[in-house]
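Quick notes on the structure that follows.
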Amino acid sequence: AENTVVFYYSDHGIGLPRAKRWLYESGLHVPMVVRWAGHIEVGTQSDRLVSFVDLAPTVLSIAGVEIPSHLQGHAFLGEQQAAPRDYIYAARDRMDERYDLIRAVRDKRYKYIRNYEPFKPYAQWISYAEVGPTMQELRRLHAAGELNAQQELFFRETKPVEELYDLEADPHELNNLASSPEHRQTLERLRAAHLQWAEETLDTGLMPEPILVERAGEKGIYAVVRDPKHPLPLDEYRRVASLTGQGASCLGELVEALQHEDPVVRYWGAVGLGALGEDAVPTLASLITLLDDASPSVRIAAASATLPLGETTNSLRVLAEALQHEQEHVRVLAANAIDNLGEQTQLLLPECQAALDDNNGYVKRVMDHTVERLK
């Protein structure tokens, strides 16, 4: 007991809506106690920001081992203790069978959230979450129109591009200050911190999973990203992805992205145009050309954008083919696209039923939900 350091902490927020897997404090803020006899006085409290990536360098610091320069974390104890953090960061990508690309950064008072797929609802259907009695009761109350205004926020069909919360005045993160003139400087500061983190950590989340998996191969994705001979344009990925949800003023840039040599850029161009709905009608011809793109991820994004605009036959063909693709991540992406499109994919009911026998459990989960809806 006198020469053992004890770390006691939980893993993530409780498995409730807006907690586990979410970037709100109910999903990020967890307890931690450290006992180090002779070094930390019993009952000591600290308000410094600590992230899970800080645990490894902290243990090395306590053990007297030099901390490798490539570690992202900051030691918060020991001889190599770093200065307190200004920010901590968080990310949300795929949760079991569903995709929802979100990033966050917070300081001691404010939390910034960036929704890269704002056209998706908060409460996507995830089978793991839907078996919980809390989610079931929320669904029932939402359908009955019995939720109050704050509870109903979680069931909006779309999300804002940016969220900003004062965690002192609004600990449950319900009052979005992103459009508040008084908080403009705070928004811009935290937005810049997010972008700097994405650059420093080589955040590859903007790469559709089928493309990421294919490129990673046997080397691993970060070996690919760091290859000086073939650098990936991560900055361009972020620039084009950031156009989604910004309105019709980005139409020209999104159409230009459809011609890019990199499939990730083409993918986000199609996604951004799809998010514009009827405003994207003038770009339909350009989107249709991507239905025969070399990348299945791009084809899926183009089909998702063109089907609501009336291009039925070819869009459904692309989705049906993708649902039977040899790469399982393509099938997961296609299943999500079909489910998100809803009744517009009614003609694909036989293909969806066949996919209930897919050997990928995530495809089966999505298709189970889709088939029940289409029936």
Side-chain angles (χ1 to χ4, degrees), residues 7 9-13 21-34 36 39-40 44-62 66-93 101-116 160-206 222 234-235 238-239 241-242:
F7 290 77
Y9 51 87
S10 74
D11 54 353
H12 49 60
R21 294 172 166 170
W22 286 98
L23 307 188
Y24 300 107
E25 291 302 282
S26 48
L28 298 180
H29 192 186
V30 298
M32 182 173 72
V33 178
V34 181
W36 189 7
H39 294 266
I40 302 176
T44 299
Q45 294 187 11
S46 172
D47 66 348
R48 70 184 290 160
L49 298 170
V50 173
S51 182
F52 277 105
V53 293
D54 298 334
L55 294 176
T58 298
V59 169
L60 294 177
S61 176
I62 290 173
E66 183 178 354
I67 300 172
S69 60
H70 65 265
L71 292 189
Q72 295 173 13
H74 300 181
F76 56 86
L77 292 171
E79 293 185 358
Q80 299 174 74
Q81 179 177 155
R85 282 178 166 275
D86 293 322
Y87 306 110
I88 59 170
Y89 309 89
R92 169 181 168 96
D93 289 283
L101 184 62
I102 307 177
R103 298 292 183 264
V105 55
R106 68 154 292 181
D107 59 19
K108 286 188 176 181
R109 178 169 179 176
Y110 292 98
K111 162 79 67 62
Y112 169 82
I113 294 176
R114 180 59 163 87
N115 294 302
Y116 281 93
V161 172
E162 295 180 306
E163 301 175 53
L164 178 68
Y165 300 102
D166 182 340
L167 300 176
E168 290 183 6
D170 180 26
H172 296 298
E173 296 161 279
L174 298 171
N175 182 26
N176 185 7
L177 302 172
S179 60
S180 166
E182 293 86 356
H183 296 86
R184 169 57 59 179
Q185 289 187 343
T186 299
L187 177 75
E188 292 177 349
R189 174 173 59 83
L190 293 177
R191 179 196 293 151
H194 154 60
L195 294 173
Q196 181 179 357
W197 170 86
E199 180 178 350
E200 291 177 352
T201 62
L202 303 177
D203 181 14
T204 60
L206 293 176
Y222 286 104
L234 297 181
D235 289 342
R238 283 192 290 275
R239 185 190 72 80
S242 296

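- Applying the side chain to side chain contact (heavy atoms under 4.5 Å, CB included) criterion to Gln196, with sequence neighbours excluded, gives Glu200.
- Listed by chain and number, the residues in a side-chain hydrogen bond (donor to acceptor under 3.5 Å, both in side chains) with Ser180 are Glu182, His183 (sequence neighbours excluded).
- Two residues are said to be in side-chain contact when any heavy atoms from C-beta on lie closer than 4.5 Å; Val59 and Phe7 meet this criterion.
- By the side-chain hydrogen bond (donor to acceptor under 3.5 Å, both in side chains) test, Glu173 is found to be paired with Lys111, residues two or more places apart in sequence or in another chain being considered.
- Every salt bridge (charged side-chain N to carboxylate O under 4.0 Å, His left out) that Asp47 has, sequence neighbours left out, goes to Lys108.
- For the side chain to side chain donor-acceptor pair (under 3.5 Å) condition, the pairs that include at least one residue of residues 50-61, sequence neighbours left out, are Asp54-Arg85.
- Distance check: Asn115 CG to Arg92 CZ gives 9.5 Å after rounding to the nearest 0.5 Å.
- Under the salt bridge (charged side-chain N to carboxylate O under 4.0 Å, His left out) criterion, Glu79 pairs with no residue, sequence neighbours left out.
- Counting heavy atoms from C-beta outward, Val105 and Trp197 have side chains that stay 4.5 Å or more apart.
- At least one side-chain heavy atom of Met32 sits less than 4.5 Å from a side-chain heavy atom of Leu55.
- Judged as a side chain to side chain contact (heavy atoms under 4.5 Å, CB included), and not counting sequence neighbours, the contacts of Ser46 are Arg48.
- Take Asp170 and apply the salt bridge (charged side-chain N to carboxylate O under 4.0 Å, His left out) test, not counting sequence neighbours, and it matches no residue.
- By the ring pair (Phe, Tyr, Trp, His ring centres under 6.0 Å) test, Phe76 is found to be paired with no residue, residues two or more places apart in sequence or in another chain being considered.
- The ring pair (Phe, Tyr, Trp, His ring centres under 6.0 Å) check on His172 picks up nothing, with sequence neighbours excluded.
- By the ring pair (Phe, Tyr, Trp, His ring centres under 6.0 Å) test, His194 is found to be paired with Tyr116, residues two or more places apart in sequence or in another chain being considered.
- Under the rule for a salt bridge (charged side-chain N to carboxylate O under 4.0 Å, His left out), the partners of Arg103 that lie at least two apart in sequence or sit in another chain are Asp93, Asp203.
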